[in-house]
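Read through the structure below, which is laid out as structure tokens, and then see the notes.
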Amino acid sequence: MSDPFELTDRPAIDPSLNDPSYDGASAHRAAYLETLNESQREAVETMDGPVLVLAGAGTGKTRVLTTRLGHILRQGRAAPGDLLAVTFTNKSAREMQRRVAAMLGTPVEGWWVGTFHALGARIVRRHAEAVGLKSNFTILDSDDQVRLLKQILNARDIDPKRFPARAFSTVIQRWKDRALTPEKVPQTDDALDGSAIGVYKEYQEHLKRINAADFGDLLMLCVTLFQAQPEILKSYQRRFRYILVDEYQDTNVAQYLWLRLLAQRHRNICCVGDDDQSIYSWRGAEVANILRFEQDFPGAKIVRLERNYRSGAHILGAASGLIANNEGRLGKTLWTDRTDAEKVRVRGVWDSQEEARWVCDEIEMRQTRAESLNSMAILVRTSAQTREFEERLITLGIAYQVIGGLRFYERQEIRDAVAYLRVIAQPRDDLAFQRIVNLPKRGLGQATMQTVHQDARARAVPLTTSIMELLSTDELKPRPRKTLNDLMTDFARWRRESQTRPPAELLDLVLAESGYLDMWKSDKAITAPGRVENLKELVLGLNEFETLTSFLEHVSLVMDNEDMKNVDKLSLMTLHGAKGLEFDTVFLPGWEDGLFPHQRALDETGVQGLEEERRLAYVGLTRARHSAYITFAASRQIFGKWQSSLPSRFIDELPLEHIERSRELGIAQGGADGNWKGRQHRTLDDTVFAPARNTVNGLEVGQRIFHQKFGYGQIRALDGEKLDINFEKAGAKKVMASFVEPT
DNA sequence: ATGTACAAGATTTTT
DNA sequence: TCTTGTACAT
């Protein structure tokens, strides 16, 4: 099979696509443009030059994008191989492929479609040497990244209590999102007591040593490659005659630079986005990318899509009223001619368990009315919220799937098995090696590994290289030396086998010979048999792949929850995970201040954070076609402790005419006035909504306070006479109410 | 080298 | 509540 990404052989367009007598999809052909509205059509048919489509939620932007792709092919303006379509999730990439195929009546092969990361990986792999890697480099996930950083910090004697590896990981990721190599990070941006740039530099060097790249590298290296090697850039510029980008509002600086470089020659770039749905600024996304589009591409055509086809009038009205509270929007006025009578239902309950019970009862009720579970979803703010719903759903026997939860490839036994394959494919992969060096237990403990680590570090070589050297000295004790020697012999043999055997067979062999499978077989834990099953499934799944490398790339970049078709299941996911999806009925639990909007967002980025949370709420609401439910609880368990909370300020912002309120008995008559700083009151009668509001010494949750010893902070929760306060300097602390004063 | 017990800490959001 | 890290015994 030829590599569709090969630059030299440009896949030709399927002649049948342009043949008028071919009627593989005559229905689609006749209809594909006629069914578009005027603005959609404009976005599809403007072929030459840059196009920016400002599309509101549910206005058919994916449809525009795919129709445009099909249209380009149908007109014979480009061959599939000349197209570059970029999305954020593999799911939407697959959806795009499916739709284009449906429209043309035949599958289209050989075009570049995928996520930024997957496409970046292709390019980096092709030119790996130019960025100091070998073409079989490993792609590290964030777990590996943190583990590697831990080692670096450990060697540098950085106190993990004060500066945990996670903090460094975040800082480095942010820099990579801005395409900043260690050399380019301004000194003034150095973080974590000025140690971050140094750590970043060492981290990058370490990655090269073990021949690995992390997610951020896939794009950053691509950008630096293009900047350093104009010839390479030119070849791609020539290649991509048409570029299409979905969810443009969520592109970060690295992605933006990448696109801008690639589009320079043909300038046929079409970006589709909605500033009101920008929810990834914490990952470096810049809404500003939309604003500067016209500057970067002078003469750009701007098309607005404002007609919403998805949601009922009340849902759209509620969402629009909510998002109107944000300032600095580009401003779109979504409209619909639907006249559904269903309002957004808002309900207050006592606690999170009651919330789960009520939501799941409602789901069950809808199910008995012949609504499919596939058409319903529960969208939560934090992944921890899914647990209570899961418990309830299991009790009721409702089938569900958690999207974005623990995936197949994230399970322990699968990661272990994959680690074996990684070491076989790439002996320099230290992180994979460390994972399995003593798994199953081989008697290689701390002492031995410490010796190896020190040697590897001193000579700046990967662990396996160091071990090969150490084996010929007497630095290691006889027992571990023999064990390591055997292990290295095993790996050498497996590596030889990998040349001739298909990957599935190889894994089967490795699992048996390493004793890893036996380890689980003899394990008495209840989870053990399941793990053995999973390993069998992995071997089976490997049959699809011809090479080890292609499988490993699939695991790290393409693999996501392959939801089983034809099974009716309720979806449970975070609001972020719901981007680009739609459901008939959507449940939005946990609308409480502190949870949604999330306290961290408010603390860290203030008004900006609040606005992003509001956009997230907007995204949530606009996922619904017919029905939307919002719930909030007066108290909720966090870390196993009950905490009281107040309804989200977003609830106050929903226009009354579009919502319908209800409450659990007894929750209502709090009678508090609900005035806290920065809170704007609209006409909503708060007494109906506010659960009995706890105050201690006149202090309440969310309030800013001052403490003699710890300084300024914000009250997170009340706990009897104690307050749980998040101090700006000192962090989270519990203090007596009598020691703080309001500011 | 490995197993156990207890304490401390964690949770925004992700390709 | 659940997971991870540390200290100490085996």
Side-chain angles (χ1 to χ4, degrees), chain A residues 86-93 114-121 139-143 145-147 150 154 160-161 164-166 169-170 173-174 176-177 213-220 247 250-252 254-255 278-285 352 379-388 391 403-405 407 410 412 438-450 477 479-480 483 555-560 573-580 590 594-605 609 612-613 615-617 619-620 636-643 716 731-732:
Chain A
V86 197
T87 66
F88 270 80
T89 61
N90 289 301
K91 194 170 183 162
S92 64
T115 61
F116 279 99
H117 290 89
L119 297 171
I139 297 166
L140 301 186
D141 61 20
S142 41
D143 262 30
Q145 190 189 25
V146 171
R147 267 192 294 154
K150 265 187 192 157
N154 197 15
K161 286 251 160 60
R166 290 227 166 263
S169 166
T170 310
Q173 272 185 53
R174 294 240 165 103
K176 290 193 175 184
D177 287 339
D214 65 18
F215 278 111
D217 283 340
L218 299 177
L219 278 159
M220 187 180 78
E247 311 279 10
D250 284 326
T251 49
N252 61 34
Q255 291 159 340
S278 166
I279 53 175
Y280 281 97
S281 73
W282 55 275
R283 271 284 278 99
S352 45
L379 310 181
V380 293
R381 173 68 249 264
T382 69
S383 38
Q385 282 171 264
T386 56
R387 231 192 63 225
E388 278 174 307
E391 281 167 10
I403 294 179
R407 302 161 195 196
E410 282 166 5
Q412 191 187 338
N438 198 27
L439 202 77
K441 297 246 170 336
R442 299 184 170 96
L444 296 165
Q446 265 187 345
T448 309
M449 287 319 289
Q450 203 170 347
K477 298 226 165 64
R479 265 265 279 284
T483 315
V555 167
S556 36
L557 288 174
V558 184
M559 187 65 209
D560 52 8
M573 66 186 103
T574 63
L575 286 160
H576 284 88
K579 173 160 103 164
L595 180 61
F596 191 37
H598 201 280
Q599 196 58 51
R600 285 276 262 270
L602 301 177
D603 291 347
E604 280 163 25
T605 40
E612 179 144 323
E613 296 284 294
R615 289 194 290 271
L616 200 50
V619 167
R636 172 177 300 278
Q637 255 180 333
I638 297 168
F639 300 141
K641 279 184 140 183
W642 287 101
Q643 312 249 293
R716 291 204 300 189

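The figures here come from the full heavy-atom set of this structure, side chains too, leaving out hydrogens, waters and symmetry mates. Here is the naming used below: chain letters follow the sequence lines, and residue numbers restart at 1 for every chain. Not measured: the values here are computed from a predicted model.
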- Message: Need to verify one output field. Residue with the more 5' nearest nucleotide on DNA chain B, A:Arg442 or A:Ile638?
- Response: A:Arg442

- Message: So A:Leu379 and A:Met573, do their side chains get closer than 4.5 Å, heavy atoms only?
- Response: yes

- Item | Gap between atom CZ of A:Arg283 and atom CG of A:Asp177 - 0.5 Å precision | 4.5 Å

- Item | Along DNA chain B, first and last positions that approach a heavy atom of chain A under 4.0 Å | B:dA1 to B:dT15

- Message: Students often get this wrong, so: under 4.0 angstrom with heavy atoms, is A:Ser142 touching a base, only sugar-phosphate, or nothing?
- Response: nothing

- From the 5' end of DNA chain C to its 3' end, which nucleotides mark the outer limits of contact with chain A, defined by a 4.0 Å heavy-atom distance cut-off (strictly under)? C:dT1 to C:dG5

- Task: Classify the nucleic acid contact of A:Ala447 as base, sugar-phosphate or nothing, counting any heavy atom under 4.0 Å across all strands shown.
- Result: sugar-phosphate

- Interatomic distance, CG@A:Leu439 vs CG@A:Leu444, rounded to 0.5 Å, equals 11.5 Å

- Message: Walk me through whether A:Lys579 and A:Asp250 qualify under side chain to side chain contact (heavy atoms under 4.5 Å, CB included).
- Response: CA-CA 11 Å; A:Lys579 173 160 103 164; A:Asp250 284 326; 2.5 Å; yes

- Task: Quick one: label A:Phe639 by what it contacts on the DNA or RNA (base, sugar-phosphate, nothing), any heavy atom closer than 4.0 Å.
- Result: base

- Message: At 4.0 Å (heavy atoms only), tell me whether A:Lys150 reaches a base, stays on the sugar-phosphate, or touches nothing.
- Response: sugar-phosphate

- Message: Using a heavy-atom cut-off of 4.0 Å across all strands, would you classify A:Glu604 as base, sugar-phosphate, or nothing?
- Response: base

- Query: Just checking A:Glu612: base, sugar-phosphate only, or nothing, at a heavy-atom cut-off of under 4.0 Å?
  - Reply: nothing

- Message: According to side-chain hydrogen bond (donor to acceptor under 3.5 Å, both in side chains), who are the partners of A:Arg479, at least two apart in sequence or on a separate chain?
- Response: none

- Task: Quote, to the nearest angstrom, the C1' distance that separates C:dG5 from B:dT12.
- Result: 24 Å

- Please state whether the rings of A:Tyr280 and A:His576 are parallel, tilted or perpendicular, taking 30° and 60° as the class boundaries. perpendicular

- Contact class for A:Asp141 (heavy atom, under 4.0 Å): base, sugar-phosphate, or nothing? nothing

- Going by heavy atoms in the side chains, are A:Val86 and A:Gln255 under 4.5 Å from each other? no

- Task: Report which part of the nucleic acid A:Phe116 touches: base, sugar-phosphate, or nothing (heavy-atom distance under 4.0 Å, all strands).
- Result: nothing

